[in-house]
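In what follows, a structure is listed as structure tokens, so that the remarks can point back to it.
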There are 2 protein chains.
Amino acid sequence: MLDEPESKPSRRYRGESQAERQSGRRERLVAAGLKVFASIGYRAATVRQICVEAGLTERYFYESFASKDDLFIAVYAHCVERVGAALFVALEAADDTPEAKARAVLSAYFGEIERDPLFARVLLIEVLSLGPNLDHVYREAMDLFSVHLQTDTPELFPRVSADKGRTEILAAGLVGAIVHVAMRWVLSNFRRPREEIILGLLDLLLAASR
Amino acid sequence: MLDEPESKPSRRYRGESQAERQSGRRERLVAAGLKVFASIGYRAATVRQICVEAGLTERYFYESFASKDDLFIAVYAHCVERVGAALFVALEAADDTPEAKARAVLSAYFGEIERDPLFARVLLIEVLSLGPNLDHVYREAMDLFSVHLQTDTPELFPRVSADKGRTEILAAGLVGAIVHVAMRWVLSNFRRPREEIILGLLDLLLAASR
DNA sequence: GAATATTGACAGGATTTATTGTCACATACA
DNA sequence: TGTATGTGACAATAAATCCTGTCAATATTC
């Protein structure tokens with residue numbers, strides 16, 4: 001109990017160091033979690049099932065995550081990061097007009113969603129199953145989206161820049177509109193073409209900016 | 001098995017008929033469900049707890065509901081009905097201008113939410129915990145809201161009435177904006193005054209209508 | 001007042017799932 | 001090649017909760 005000699009037996013295994021193996025397992029679990037959560041839903045998913053999908057055993061699950069909730073948070077964070085990166089790239093490349101910026105946001109967002117329906121399902125739907133202890137996860141992601149919208153595309157909020165509160169509500173409303181339409185789109189199995197959805201929301205964004 | 005003699009022993013008890021008692025119990029369970037779901041969350045709520053709150057035993061739970069899911073659907077339907085009625089009344093009383101209609105919708109909606117935070121929590125947050133088998137419940141409620149917005153307040157969609165699809169997306173977007181802002185408001189414990197929220201969304205609704 | 005429907009309290013089986021533990025096998029290093 | 005460590009399959013414990021069944025107490029009708 002007194003002197004733990006750091007116990008560093010760490011040795012390479014299959015060409016990977018201890019840390020590499022561990023983070024590899026973690027990634028596999030995150031990927032498996034994404035797949036299982038999206039396929040059968042958060043509630044129905046079991047730790048065992050996720051481990052089978054990852055080709056690992058429960059023991060390694062608890063090596064990286066404390067619980068199913070914990071894993072979901074990691075999976076969700078992964079999704080948020082991914083869509084954030086896509087938005088960033090698209091915004092960098094876009095012209096500096098309100099319309100170009102708005103279109104860039106919508107194109108990137110809905111593009112990512114359509115590219116990978118499993119990812120979309122976690123990002124938009126399964127996250128809602130978390131319950132009240134973890135709703136802050138969703139809320140924080142939405143807030144981040146909202147803040148980015150305000151700072152990265154100020155072109156969309158030219159007016160009431162004096163009234164900060166009003167702008168915040170407007171931004172939250174726009175985020176809500178985008179996310180909600182996206183959710184319906186996913187749940188409808190992408191019935192309408194992406195471009196149609198984008199044009200519909202573009203109307204709303206541009207109307208709000210004027 | 002062949003002839004069930006309808007077994008109608010039905011007799012009055014405490015001044016109520018069989019049907020009255022049963023529906024009374026059902027109502028008590030719905031009320032208790034609302035309270036418990038809103039207080040500790042859908043996931044954490046147990047059938048037993050709800051029964052205690054209702055002053056009934058599990059046996060009567062299963063008399064009216066097949067499962068916790070089933071009860072929640074009833075609770076949620078109750079909430080939707082309630083907010084629907086409030087919207088109906090408010091819209092009847094409002095003038096026929098876009099602004100009056102929009103304000104009526106927002107006032108009624110956020111008024112109901114503020115009046116009863118437990119109700120609001122179920123309507124806006126707990127419903128998201130249902131998981132993928134039951135997401136249609138939420139979606140249908142949103143669709144209903146969206147359709148009502150289009151039919152009851154056509155003043156808000158004066159433009160592209162030719163392009164039906166576009167109008168639908170716009171309506172869905174507005175519903176998403178309203179619901180999302182409402183959710184944030186509830187989660188923030190009504191930090192801002194209601195009127196401020198309403199004004200912010202009014203901006204958006206009126207901008208979209210022009 | 002007797003018979004019977006109705007209710008309320010409670011117990012307990014059954015099921016599900018998380019979480020920890022054991023053991024044989026595979027891999028790397030001396 | 002031998003030994004210690006990493007890994008994977010699987011068992012077993014533990015806990016939670018659903019759902020059903022029993023039984024005595026209560027209310028109503030005849």
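Protein chains get the first letters and strands the later ones, always in sequence-line order, with residue 1 at the start of each.
- Using a 4.0 Å heavy-atom criterion, one finds that B:Tyr60 contacts the bases of the nucleic acid, with or without backbone contacts as well.
- With sequence neighbours excluded, the residues forming a side chain to side chain contact (heavy atoms under 4.5 Å, CB included) with B:Arg59 are B:Thr57, listed by chain and number.
- Taking 4.0 Å as the cut-off between side-chain N and carboxylate O, A:Arg103 and A:Glu195 count as a salt-bridged pair.
- For the pair B:Asp69 CG and D:dC18 C1', the interatomic distance rounds to 12 Å; values are reported in whole Å.
- At a cut-off of 3.5 angstrom, the base of C:dT27 holds at least one donor-acceptor pair with the side chain of A:Arg11.
- Of the residues in residues 20-57 of chain A, those placing a heavy atom less than 4.0 Å from an atom of DNA chain D are A:Arg21, A:Arg25, A:Arg48, A:Leu56, A:Thr57, in numerical order.
- With hydrogens and angles ignored, no donor-acceptor pair closer than 3.5 Å exists between the side chain of A:Arg14 and the base of C:dT27.
- Between the CD atom of B:Glu58 and the P atom of C:dA9 there is a distance of 11 Å, rounded to whole Å.
- In this entry the distance linking CZ of B:Phe61 with C1' of D:dT20 reads 14 Å, nearest Å.
- The aromatic rings of B:Phe72 and B:Tyr76 sit parallel, their planes meeting at an angle under 30°, below the 60° perpendicular limit.
- When each of B:Arg59 and B:Lys68 is assigned the nucleotide of DNA chain D with its nearest heavy atom, B:Lys68 is the one assigned upstream, toward the 5' end.
- The base of D:dT26 sits with one of its N or O atoms less than 3.5 Å from a complementary donor or acceptor on the side chain of B:Tyr13.
- A:Glu53 and A:Ala32 get closest at one heavy-atom pair: CG-CB, 3.6 Å.
- The six-membered or imidazole ring of A:Phe145 lies near that of A:Tyr109, with a centre-to-centre distance under 6.0 Å.
- One finds a salt bridge joining B:Asp116 and B:Arg82 here, because a Lys/Arg side-chain nitrogen approaches an Asp/Glu carboxylate oxygen to under 4.0 Å.
- With rounding to whole Å, B:Gln18 atom CD is found 14 Å from D:dT28 atom P.
- A pairwise comparison of heavy atoms in B:Leu118 and B:Ser39 identifies CD2-OG, 4.3 Å as the closest pair.
- Rounded to a whole Å, the CD atom of A:Glu63 is 15 Å from the P atom of C:dG21.
- Along DNA chain D, the nucleotide closest to B:Tyr62 and the one closest to B:Gly15 are compared, and the more 5′ of them pairs with B:Tyr62.
- Residue A:Arg12 is classed as a sugar-phosphate contact, given heavy-atom separations below 4.0 Å to backbone atoms only.
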